[in-house]
Amino acid sequence: MRILFCVALASLMTISTAFAGEVDMVKKRRGNLFKHDYTAAYSVQTVSVKTACFPEKLEAILAHIRDETGRKPIVTSGHRPRAGTSQHSHCLAADIRVPGLSDKAIIAAASTAPGIGGIGRYCNGIIHVDVGPQRRWTHCGRSRS
């Protein structure tokens, strides 16, 4: 009787494990049907740059810049929780560089991205893109223009 119980228990565990794996596969497939994977559209400068919370709209802008320029943007700054009123504090902005391209070329590509909000330029070659309100700015040192 004990052997029969052990065989039945082992069979039940095998069936439940196989079914759980099947459910996970269905969930994975269903999730991929509706959400694009933009993670290959950009890279990060260092592992400490936080991009996991980027909304799909911001990732689509980075993918658009990659597609327009033929080069992958490098995110130098993403989510910064203590950034005050900046779009970075809400994980809605990225500061980027695109190696081998001028600031003007990057800004031109970003300007045509659907859903683009703010585009800013720093004098050190970093370009700011976000999904907030539409605005353009240049920041060099203390003066803004």
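Below, all heavy atoms of this structure are taken into account, side chains as well, without hydrogens, waters or symmetry copies. Since we're looking at a predicted model, the values are computed, not measured.
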The test is side chain to side chain contact (heavy atoms under 4.5 Å, CB included); show your working for C140 and T138 and say whether it passes.
CA-CA 7 Å; C140 291; T138 299; 4.0 Å; yes

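Within the structure, salt bridge (charged side-chain N to carboxylate O under 4.0 Å, His left out) contacts touching residues 108-121 (residues at least two apart or in different chains) are D103-R121. Pairs passing the salt bridge (charged side-chain N to carboxylate O under 4.0 Å, His left out) check and including a residue from residues 43-53, sequence neighbours excluded, do not occur.
Remark: R135 engages Q87, H128, D130, P133, W137 in a side chain to side chain contact (heavy atoms under 4.5 Å, CB included) (not counting sequence neighbours). Applying the salt bridge (Lys or Arg N to Asp or Glu O under 4.0 Å) rule to R80 yields the partners D95; only residues at least two apart in sequence or on another chain are considered. Checked against side chain to side chain contact (heavy atoms under 4.5 Å, CB included), S48 has the following partners two or more places apart in sequence or in another chain: T46. For S102, the side chain to side chain contact (heavy atoms under 4.5 Å, CB included) partners at least two apart in sequence or on another chain are K104, A105.
The two residues H88 and A93 come nearest to each other via the heavy atoms ND1-O, 3.5 Å. When all heavy atoms are compared, the tightest approach of V49 to G78 is CG1-N, 3.8 Å. Contact between P55 and C91 at its shortest, heavy atoms only, is CD-O, 3.1 Å. Of all non-hydrogen atoms in V75 and A94, the two that sit nearest each other are CG1-CB, 4.2 Å. Minimum interatomic distance between T69 and A109 (heavy atoms only, all atoms of both residues): CG2-CB, 3.8 Å.
Under the 4.5 Å side-chain criterion, counting only non-hydrogen atoms from C-beta, P73 is in contact with R66. With contacts defined as side-chain heavy-atom distances shorter than 4.5 Å, the pair I119/S111 qualifies. Side-chain contact between F54 and L62 is present, with heavy atoms from C-beta onward closer than 4.5 Å.
Tested against I96, the residues I126, I61, I106, I74 include a single side chain to side chain contact (heavy atoms under 4.5 Å, CB included) partner, I106.
Rounded to the nearest 0.5 angstrom, I107 CD1 and R136 CZ are separated by 9.0 Å. Atoms CD and OH, on E59 and Y42 in that order, are 4.0 Å from each other to the nearest 0.5 Å. Remark: K72 NZ to S43 OG distance equals 5.5 Å, nearest 0.5 Å.
The closest donor-acceptor contact from the side chain of R71 to the backbone of P99 lies under 3.5 Å.
In terms of hydrophobic clustering, with Ile, Leu, Val, Met, Phe, Trp and Tyr side chains grouped at heavy-atom distances under 4.5 Å, L92 and V44 are assigned to a common cluster.
Checking T112 against H64 by side-chain atom types alone, a donor-acceptor pair falls below 3.5 Å.
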